[in-house]
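In what follows, a structure is listed as structure tokens, so that the remarks can point back to it.
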2 protein chains.
Amino acid sequence: MIDKSQSAGKPIKTAISDEDGIDFAIIELFFFAYRDFTSDPDQILADYGFGRAHHRVLHFVNRRPGLTVAELLDVLKITKQSLARVLKQLIDTDHIVQVQGPRDRRQRELYPTAKGRALALALARPQSRRIRAALEDSGTTERVTIERFLEAMVNPELRAQIDIVPAQTSGKNHGDH
Amino acid sequence: MIDKSQSAGKPIKTAISDEDGIDFAIIELFFFAYRDFTSDPDQILADYGFGRAHHRVLHFVNRRPGLTVAELLDVLKITKQSLARVLKQLIDTDHIVQVQGPRDRRQRELYPTAKGRALALALARPQSRRIRAALEDSGTTERVTIERFLEAMVNPELRAQIDIVPAQTSGKNHGDH
DNA sequence: AAATTACGTCAATAGTACTGACATAATTCC
DNA sequence: GGAATTATGTCAGTACTATTGACGTAATTT
């Protein structure tokens with residue numbers, strides 16, 4: 001079964017390192033961190049028969065109530081067809097409602113219901129707890145450092161999406177805090 | 001189509017905020033950051049007909065050459081069946097080779113070939129570039145702050161996985177393996 | 001010799017995503 | 001007013017990653 005007979009290349013026994021100045025340390029940390037970060041809500045979602053896609057939709061509808069389907073697609077960077085099933089389920093289970101657009105009646109504004117709001121909070125709670133613990137554990141008083149780093153990781157053209165968010169977050173919108 | 005006729009809850013029009021002290025700012029940044037972070041290698045992988053799963057396997061085999069299938073499953077936290085197809089493809093395309101375990105001949109040690117090493121580097125390069133740019137853009141001289149934060153985001157029981165990594169990264173491991 | 005372990009494989013299924021095509025209603029353009 | 005465009009919904013077909021459960025084989029341990 002272990003073929004390797006003829007054409008196979010020889011095994012390289014040395015670990016990949018910082019050749020070419022590649023930052024494997026943070027690459028790997030990012031992977032582990034995101035994996036565990038998403039595992040928190042995944043457990044709750046399983047009880048509802050929902051997946052990560054439902055979470056993302058629910059999150060953004062709660063963050064930006066009244067956004068349209070097109071805007072949601074743009075934020076999530078997925079296709080209409082991918083959103084369709086997930087959104088339908090959230091509407092059928094009364095987590096999200098559609099309201100006809102006031103100016104443009106073709107548009108459907110998406111709003112959370114009380115039920116949808118509650119679920120969004122329940123999902124975010126363990127994640128927020130993890131973040132708070134991480135900020136404490138890592139002894140970081142400068143939360144801004146992390147925020148700025150993460151924001152800088154996002155494609156520049158897409159950073160606008162982040163700023164369209166309510167308030168007092170990235171320190172870019174001049175609201176109170 | 002916009003039903004809302006009877007039982008549907010009423011739309012909530014206010015954005016979710018920092019109710020309950022929930023840290024939506026970082027939650028959202030983490031989502032966007034990871035999304036764009038993975039989009040870099042995704043483009044390259046598409047040329048090979050590979051997906052993210054292939055990337056992860058390739059990454060860890062390069063990081064810890066000689067790890068066994070069981071160890072790999074443990075790091076990735078997926079099932080044997082999920083790994084099977086992906087690993088088979090990487091072996092068939094001569095990116096990874098299996099070597100019979102020296103002590104225990106049931107084990108298959110996994111090693112990258114020159115081809116597999118090259119691909120791993122090619123995939124990591126844009127990610128590392130993005131990280132470097134983010135560190136610069138965010139004006140963070142203290143790279144350690146970010147590293148500590150990300151590590152603290154990982155489940156404590158699972159932090160061991162990170163430390164088993166080659167060297168000079170987290171400064172926690174004593175000697176090679 | 002029996003039990004356990006490491007690995008591989010098969011079958012069946014699910015969740016999330018994709019592309020492309022088409023339909024409908026509403027708005028905008030000429 | 002009629003034509004083009006836009007916003008949304010839906011259908012068909014496909015792909016990738018993942019799941020659980022079962023079974024087989026070879027090697028090691030008890």
Side-chain angles (χ1 to χ4, degrees), chain A residues 1-4 31 34-35 38-39 41-43 45-59 61 66-92 96-110, chain B residues 1-4 31 34-35 38-39 41-43 45-59 61 66-92 96-110:
Chain A
M1 245 316 78
I2 296 178
D3 202 353
K4 200 163 77 78
F31 165 71
Y34 196 75
R35 186 193 62 178
T38 51
S39 74
D42 280 356
Q43 306 224 312
L45 289 161
D47 299 336
Y48 293 76
F50 290 164
R52 238 171 249 182
H54 299 84
H55 186 190
R56 291 197 284 267
V57 170
L58 201 51
H59 171 90
V61 170
L67 51 37
T68 64
V69 172
E71 287 168 339
L72 187 53
L73 289 175
D74 190 52
V75 171
L76 296 176
K77 291 269 170 298
I78 58 173
T79 58
K80 206 192 331 182
Q81 295 70 20
S82 297
L83 176 61
R85 186 189 101 267
V86 170
L87 184 56
K88 188 173 186 333
Q89 283 178 286
L90 287 168
I91 290 169
D92 289 347
I96 290 178
V97 287
Q98 288 179 319
V99 174
Q100 205 170 52
R103 276 168 287 278
D104 187 335
R105 289 185 306 176
R106 287 171 307 179
Q107 294 184 330
R108 310 274 187 264
E109 295 185 342
L110 303 173
Chain B
M1 258 293 103
I2 295 180
D3 201 353
K4 199 161 73 83
F31 165 71
Y34 196 76
R35 184 192 66 178
T38 52
S39 73
D42 280 356
Q43 306 224 310
L45 288 161
D47 299 336
Y48 293 76
F50 290 163
R52 241 172 247 181
H54 299 83
H55 186 189
R56 291 196 283 267
V57 170
L58 201 51
H59 171 89
V61 169
L67 50 38
T68 64
V69 171
E71 287 169 339
L72 187 53
L73 289 174
D74 191 52
V75 171
L76 296 176
K77 293 267 170 297
I78 58 173
T79 59
K80 205 191 338 180
Q81 295 69 21
S82 296
L83 176 61
R85 188 189 100 268
V86 170
L87 184 55
K88 190 174 186 331
Q89 285 179 286
L90 288 168
I91 290 169
D92 288 348
I96 291 179
V97 287
Q98 287 180 320
V99 175
Q100 204 171 53
R103 275 168 288 278
D104 188 335
R105 288 185 306 176
R106 287 171 307 179
Q107 295 184 330
R108 310 273 189 264
E109 295 185 340
L110 303 172

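Just so it is clear: chains get the letters A, B, ... in the order the sequence lines come, proteins before strands, and each one is counted from 1.
Between the CD atom of Q89(B) and the C1' atom of dA18(D) there is a distance of 14 Å, rounded to whole Å. Between the P atom of dA6(C) and the CZ atom of R106(B) lies a distance of 6 Å, rounded to the nearest Å. Computed from coordinates, the L76(B) CG to dT19(D) P distance equals 10 Å when rounded to whole Å. In this structure, the CD1 atom of I78(B) is 15 Å from the C1' atom of dC7(C), given to the nearest Å. Taking atom CD of residue Q43(B) and atom P of nucleotide dC18(C), one finds them 13 Å apart after rounding to whole Å. E71(A) has its CD atom 16 Å from the P atom of dT6(D), to the nearest Å. One atom, CG of D104(A), and another, P of dA25(C), lie 15 Å apart when rounded to the nearest Å. The CZ-C1' distance, from R35(A) to dT17(D), rounds to 16 Å in whole Å.
Remark: R108(B) is not in phosphate contact with dA6(C), judged by side-chain N or O atoms under 4.0 Å from OP1 or OP2. Side-chain N/O atoms of H54(B) include one lying less than 4.0 angstrom from OP1 or OP2 on dT17(D). Under 4.0 angstrom from either OP1 or OP2 of dT16(C) there lies no side-chain N or O belonging to S82(A). Distances shown here put every side-chain N or O of R85(B) at or beyond 4.0 Å from the OP1 or OP2 atom of dT19(D). One finds no side-chain N or O of Q98(B) lying less than 4.0 angstrom from the OP1 or OP2 phosphate oxygen of dC7(C).
By the 30° and 60° cut-offs, the orientation of the rings of H59(A) relative to H55(A) is perpendicular.
Among the protein residues, K88(B) comes within range of no part of the nucleic acid, since none of its heavy atoms lies under 4.0 Å from any strand. R52(A) comes within 4.0 angstrom of sugar-phosphate atoms only, judged by non-hydrogen atoms across all strands, and of no base.
Mapping R103(A) and G49(A) onto DNA chain C by nearest heavy atom places G49(A) at the nucleotide closer to the 5' end. Place V69(B) and T79(A) on DNA chain C by their nearest nucleotides, and V69(B) ends up nearer the 5' end.
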Inset, instruction - Test R108(B) against T68(B) for side chain to side chain contact (heavy atoms under 4.5 Å, CB included), laying out the working first. - result: CA-CA 6 Å; R108(B) 310 273 189 264; T68(B) 64; over 6 Å; no
Inset, instruction - I would like to know whether R85(A) and H54(A) meet side chain to side chain contact (heavy atoms under 4.5 Å, CB included); could you show each step before the answer? - result: CA-CA 10 Å; R85(A) 186 189 101 267; H54(A) 299 84; 4.2 Å; yes
Inset, instruction - Show your working on side chain to side chain contact (heavy atoms under 4.5 Å, CB included) between V57(A) and I96(A) and close with a plain yes or no. - result: CA-CA 10 Å; V57(A) 170; I96(A) 290 178; 3.9 Å; yes
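For the side-chain contact (heavy atoms from CB on, under 4.5 Å) with L110(B), the lone residue among V97(B), L90(B), L87(B) that qualifies is L87(B).
Evaluation of atom-type donor-acceptor distances gives a pair under 3.5 Å for the side chain of Q81(B) against the base of dT9(C).
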